[in-house]
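In what follows, chains carry the letters A, B, and so on, assigned in the order in which the sequence lines appear, proteins first and then strands, with residues in each chain numbered from 1. If you're wondering where the values come from, they're calculated on a predicted model, not measured in any experiment.
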Amino acid sequence: MHYWLLKSEPDAFSIDDLVAAPKQSTCWDGVRNYQVRNFMRDQMQVNDQAFFYHSSCAQPGIAGVVTISRAAYPDPTQFDRKHDHYDAASKCDDPRWLMIDVKLQRKFKRIITLDELRRHQEQELKQLLILKRGNRLSITPVEASEWRFIINLE
DNA sequence: GCCAACGTTGGC
DNA sequence: GCCAACGTTGGC
């Protein structure tokens with residue numbers, strides 16, 4: 001059992017979009033980074049839990065919790081010529097890019113803001129990758145102890 | 001295999 | 001819109 005943090009730009013897909021989605025579930029497509037793909041392929045398991053983080057927006061922060069509802073499988077957008085994430089070099093019989101499915105567990109009553117997380121950066125959240133300089137990965141692992149600490153901030 | 005150029009991310 | 005950080009690309 002692992003814990004994760006998934007970034008999403010709310011302009012593209014927000015926690016409220018997930019609340020409103022059929023079965024409150026969505027596929028997490030569009031990952032085009034090898035490190036992130038490998039996290040999905042090698043470590044993510046069904047029933048893992050993840051924070052749903054809003055990035056590139058007025059109030060960046062954690063908006064809720066989702067569960068991984070389907071393990072890694074090929075991302076069909078890589079084969080769609082018209083899609084932004086089309087990858088001409090990926091072969092159907094050897095797909096380069098994977099995705100997972102996630103399901104809403106709970107929308108937080110409030111956003112746990114990046115600002116608030118930063119206030120604990122020197123203590124409880126030393127390891128939290130989202131707080132490290134230059135981190136751009138759209139999926140990052142979260143330590144169990146840090147997961148519990150953040151859950152209790154709500 | 002090196003590394004400069006370029007593209008993307010994401011907070012501010 | 002700016003810019004720091006980082007990943008990828010491609011010439012050599």
Side-chain angles (χ1 to χ4, degrees), chain A residues 2-21 26-44 48-68 71-102 104-143 146-147 149-154:
Chain A
H2 291 105
Y3 296 101
W4 306 93
L5 183 146
L6 310 190
K7 287 185 203 170
S8 185
E9 299 187 18
D11 285 349
F13 191 83
S14 72
I15 190 104
D16 288 325
D17 292 326
L18 185 56
V19 169
T26 188
C27 62
W28 205 264
D29 62 13
V31 169
R32 296 294 183 268
N33 172 284
Y34 288 105
Q35 209 177 333
V36 172
R37 181 205 62 184
N38 294 348
F39 282 147
M40 294 194 290
R41 185 189 62 193
D42 303 335
Q43 295 186 47
M44 266 194 175
D48 278 2
Q49 291 186 288
F51 289 128
F52 190 106
Y53 179 89
H54 283 172
S55 68
S56 293
C57 58
Q59 192 175 52
I62 299 171
V65 174
V66 300
T67 54
I68 309 308
Y73 63 108
D75 177 347
T77 65
Q78 70 196 300
F79 303 121
D80 180 355
R81 284 180 181 281
K82 291 188 288 290
H83 202 281
D84 279 352
H85 297 295
Y86 175 64
D87 182 349
S90 184
K91 302 280 185 293
C92 281
D93 57 359
D94 185 23
R96 177 176 295 179
W97 304 112
L98 304 173
M99 65 184 190
I100 52 166
D101 288 354
V102 305
L104 181 70
Q105 178 168 326
R106 190 161 65 88
K107 178 186 169 182
F108 286 160
K109 296 184 198 71
R110 64 183 187 87
I111 301 272
I112 299 174
T113 63
L114 178 61
D115 202 49
E116 182 173 359
L117 296 170
R118 281 207 191 288
R119 290 204 285 275
H120 301 279
Q121 188 171 7
E122 300 305 318
Q123 303 278 341
E124 298 91 343
L125 300 179
K126 272 202 174 81
Q127 309 295 321
L128 196 67
L129 291 168
I130 196 96
L131 299 179
K132 305 224 174 181
R133 274 170 73 88
N135 165 62
R136 301 185 313 164
L137 298 180
S138 59
I139 298 180
T140 47
V142 176
E143 294 289 325
E146 301 197 321
W147 176 274
F149 179 80
I150 293 168
I151 287 284
N152 286 323
L153 287 176
E154 189 197 6

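One can place CG of Asp84(A) at 13 Å from C1' of dT8(B), the figure rounded to the nearest angstrom. Tyr34(A) places its OH atom 16 Å from the C1' atom of dT8(B), with the value rounded to the nearest Å. With rounding to whole Å, His85(A) atom NE2 is found 13 Å from dT9(B) atom C1'. For the pair Gln35(A) CD and dT8(B) C1', the computed distance is 15 Å after rounding to whole Å. Summarising the geometry, the separation between NZ on Lys132(A) and P on dC6(C) is reported as 12 Å, rounded to the nearest angstrom. Rounded to an integer number of Å, the gap from CZ of Phe39(A) to C1' of dG7(C) is 14 Å. Across the protein-nucleic acid pair, Asn38(A) atom CG and dG7(C) atom P stand 13 Å apart, rounded to whole Å.
Contact check on Arg96(A) versus Asp87(A) returns a salt bridge, with a Lys/Arg side-chain nitrogen under 4.0 Å from an Asp/Glu carboxylate oxygen.
The aromatic rings of Trp28(A) and Phe13(A) sit perpendicular to each other, their planes meeting at more than 60°, with 30° as the lower class boundary. Using a 30° and 60° split on the angle between ring planes, Phe149(A) and His120(A) fall in the perpendicular class, above 60°.
Side-chain atoms of Gln43(A) do not come within 3.5 Å of backbone N or O of His2(A) as any donor-acceptor pair. A distance-only check finds no donor-acceptor pair linking the side chain of Lys109(A) to the backbone of Glu154(A) [under 3.5 Å].
Arg118(A) and Leu131(A) get closest at one heavy-atom pair: NH1-O, 3.4 Å. Scanning both residues, Leu137(A) and Asn33(A), for their nearest heavy atoms gives CD2-OD1, 3.6 Å.
In this structure, Gln49(A) places its CD atom where more than 12 heavy-atom neighbours from other residues, nucleotides or ligands lie under 6.0 Å away.
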Output one line per pair: protein atom, nucleotide atom from nucleotides 10-12 of chain B, and distance, for all N/O pairs under 3.5 Å.
unit_1, atom_1, unit_2, atom_2, d
dG10(B), OP1, Lys7(A), NZ, 2.4
dG10(B), OP1, Arg136(A), O, 3.3
dG11(B), OP1, Tyr53(A), OH, 2.8
dG11(B), OP2, Ser56(A), N, 2.8

Detail all sub-3.5 Å separations between protein N/O atoms and N/O atoms belonging to nucleotides 1-4 of chain B.
none

